[in-house]
Amino acid sequence: MILDSFRLDGRVAMVTGGNRGLGAAYAMALAEAGADLALLCRSDPQATAARIAATGRRVVHVPADLATAGPAELAAAVETVVERLGRLDILVNNAGIIRRAPAAEITAQDWDEVMTVDLDAVFHLCQAAGRLMLARGGGRIINVASMLTFQGGIRVAGYAAAKHAVAGLTKALANEWAAAGVNVNAVAPGYIATDNTAPLRADPVRAAAISDRIPAGRWGTPEDLMGVVVFLASDAARYVHGAVIPVDGGWLAR
Ligand code: NAP
């Protein structure tokens with residue numbers, strides 16, 4: 001039956017930044033679909049872990065700071081998941097940061113930090129997880145893009161550059177790995193109410209301009225992204241490769 005192909009029983013997923021915001025929703029969605037979870041977070045993701053445990057799934061915390069962890073530490077993080085949960089089937093590269101400033105005033109430090117967390121760490125984790133998945137003959141990688149994968153945004157040049165690159169990376173990896181049964185795709189959330197967008201929602205002019213342009217007539221919530229991540233992680237998406245799927249209330253259609 002088609003709905004059975006969305007089940008993730010027996011699979012193991014790792015979600016970066018699974019402690020709050022969209023990452024917590026992705027982790028919950030995967031757990032509710034049957035997967036055990038590794039949460040790669042800087043601090044102990046107690047609240048999300050407790051909610052996952054309540055579903056009956058196993059959950060472990062893999063500590064790492066993506067701003068400072070290099071390729072070797074990230075490869076070790078992937079190994080830790082295999083040691084503690086037995087395998088790794090699904091990687092969700094969710095953690096990300098944004099730094100808002102006029103392009104003429106962005107500091108080199110802010111530029112580097114955005115690139116390190118939003119792009120470099122994504123590649124290193126894709127590579128480490130991808131090696132395992134290629135050797136085993138299958139797996140799912142879901143990167144997190146943005147509306148600023150398609151648009152330039154305002155006062156967020158580093159973030160837009162990194163999120164454009166996430167789409168390029170996703171497609172490049174899909175081209176190389178699809179034939180080996182490793183599906184690499186991305187989800188592009190629209191304007192979602194999380195800490196990431198709190199400054200926008202606190203600015204009455206920007207907040208109104210954004211909601212006025214969303215055909216659905218409201219900001220998104222993390223729960224609005226739960227279905228797409230389960231789909232991309234599941235057998236139902238077995239022929240989906242290199243896609244960047246907007247979940248944006250129609251923002252890009254406007
Ligand atoms: P958020 O609420 O600000 O959460 C960001 C997450 O990333 C947190 O779990 C945070 O962990 C983690 N993180 C940041 N820096 C890290 C680091 N150095 N090491 C490890 N973890 C780190 O943001 P969000 O809205 O949920 O965004 C999640 C993803 O969706 C990001 O990639 C973002 O760019 C993308 N996105 C969001 C929106 C939106 O409208 N909200 C739209 C498009 C795309 P800590 O709790 O330790 O800080």
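In each ligand, atom 1 is the first atom listed, and ligand 1 is the first ligand listed.
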Task: Nearest neighbour of atom 47 (O) of ligand 1 from the list Arg20, Arg42, Met147, on a heavy-atom basis - done: Arg42
TODO: Could you check which of Tyr26, Trp219, Tyr159 puts a non-hydrogen atom nearest to atom 33 (C) of ligand 1?
DONE: Tyr159
Task: Side chain, backbone, both or neither: the part of Lys163 lying under 4.0 Å from ligand 1 by heavy atom - done: side chain
Open item on the list: Suppose we screen for side-chain contact (heavy atoms from CB on, under 4.5 Å). Which residues come up paired with Ala186, at least two apart in sequence or across chains?
Closed with: Asn143, Ala145, Thr170, Val244
Task: Arg131 side-chain N/O to Cys126 backbone N/O, donor-acceptor pair under 3.5 Å - done: no
Open item on the list: What protein heavy atom lies closest to atom 5 (C) of ligand 1? Include the residue and the distance to one decimal.
Closed with: Gly96 O, 3.7 Å
Open item on the list: I'd like to check the side chain to side chain donor-acceptor pair (under 3.5 Å) partners of Asp195; sequence neighbours left out, ordered by chain and number.
Closed with: Arg20
Task: From Leu232 atom CG to Ile245 atom CD1, the distance as rounded to the nearest 0.5 Å - done: 4.5 Å
Open item on the list: Tell me the protein heavy atom at minimum distance from atom 26 (O) of ligand 1, and give that distance in Å.
Closed with: Leu22 N, 2.8 Å
TODO: Among all protein heavy atoms, pick the one closest to atom 23 (O) of ligand 1 and tell me residue, atom and distance.
DONE: Asn196 CB, 3.4 Å
Open item on the list: Using 30° and 60° as the class boundaries, would you call the ring planes of Tyr191 and Trp251 parallel, tilted or perpendicular?
Closed with: tilted
Task: Cys41, portion touching ligand 1 at heavy-atom distance under 4.0 Å - done: neither
- [ ] Please work out whether any backbone atom (N, CA, C, O) or any side-chain heavy atom from C-beta onward of Ile192 is under 4.0 Å from ligand 1, and answer side chain, backbone, both or neither.
- [x] both
TODO: Could you verify whether a donor N or O on one side chain and an acceptor N or O on the other, from Thr221 and Glu223, lie under 3.5 Å apart?
DONE: yes
Open item on the list: Suppose I only count heavy atoms of Ser146 and a 4.0 Å limit; which atoms of ligand 1 are within that range?
Closed with: 43 (C), 44 (C)
TODO: Just let me know how Ile97 lines up against ligand 1, side chain, backbone, both or neither, with a heavy-atom cut-off below 4.0 Å.
DONE: side chain
- [ ] Distance to 0.1 Å, residue and atom name: give those for the protein heavy atom nearest to atom 43 (C) of ligand 1.
- [x] Pro189 O, 3.4 Å
Task: Donor-acceptor pair, side chain of Asn183 and main chain of Arg238, under 3.5 angstrom - done: yes
Open item on the list: Show me which atoms of ligand 1 lie under 4.0 Å from any heavy atom of Ala95.
Closed with: 7 (O), 12 (C), 13 (N), 21 (N), 22 (C), 32 (O)
Open item on the list: Only heavy atoms of Gly17, strictly under 4.0 Å: list the atoms of ligand 1 that pass.
Closed with: 9 (O)
- [ ] Check the pair Leu22 / Val144 against side chain to side chain contact (heavy atoms under 4.5 Å, CB included), numbers first and verdict last.
- [x] CA-CA 10 Å; Leu22 284 162; Val144 175; 5.6 Å; no
- [ ] List every atom of ligand 1 that sits less than 4.0 Å from any heavy atom of Ala67, numbering the atoms from 1 in the order shown and giving each element.
- [x] 18 (N)
Open item on the list: Give me the nearest non-hydrogen protein atom to atom 35 (C) of ligand 1 as residue plus atom name, then the distance to 0.1 Å.
Closed with: Val144 CG1, 3.6 Å
Task: Subset of ligand 1 atoms that lie under 4.0 Å from at least one heavy atom of Thr197 - done: 39 (C), 40 (O), 41 (N)
Open item on the list: Out of all atoms in ligand 1, which are within 4.0 Å of some heavy atom of Gly21? Include the element for each.
Closed with: 2 (O), 26 (O)
Task: Candidate with minimal heavy-atom separation from atom 28 (C) of ligand 1, of Asn94, Asp65, Thr194 - done: Asn94
Task: Whether Thr197 side chain and Ile192 backbone form a donor-acceptor pair below 3.5 Å - done: yes
- [ ] Just need the protein heavy atom nearest to atom 42 (C) of ligand 1, so name the residue and atom and give the distance.
- [x] Gly190 O, 3.1 Å
Open item on the list: Looking at ligand 1, is there an atom of it that comes within less than 4.0 Å of some heavy atom belonging to Pro45?
Closed with: no
Task: Arg87 bridged to Asp89 by N-O distance under 4.0 Å - done: yes
Open item on the list: Quick test of your reading of the model: are Asp224 and Arg218 salt-bridged, counting only N-O distances below 4.0 Å?
Closed with: yes
Open item on the list: Which residue and atom name correspond to the protein heavy atom nearest atom 9 (O) of ligand 1, and how close is it?
Closed with: Asn19 OD1, 2.5 Å
TODO: Using modelled atom types only, decide if a donor and an acceptor are shared between the side chain of Asp118 and the backbone of Ile97 within a distance under 3.5 Å.
DONE: yes
Task: Option whose closest heavy atom lies nearest to atom 19 (N) of ligand 1, chosen from Thr68, Asn143, Leu66 - done: Leu66
Task: Check: His124 side chain, Leu74 main-chain N or O, donor-acceptor pair, under 3.5 Å - done: no
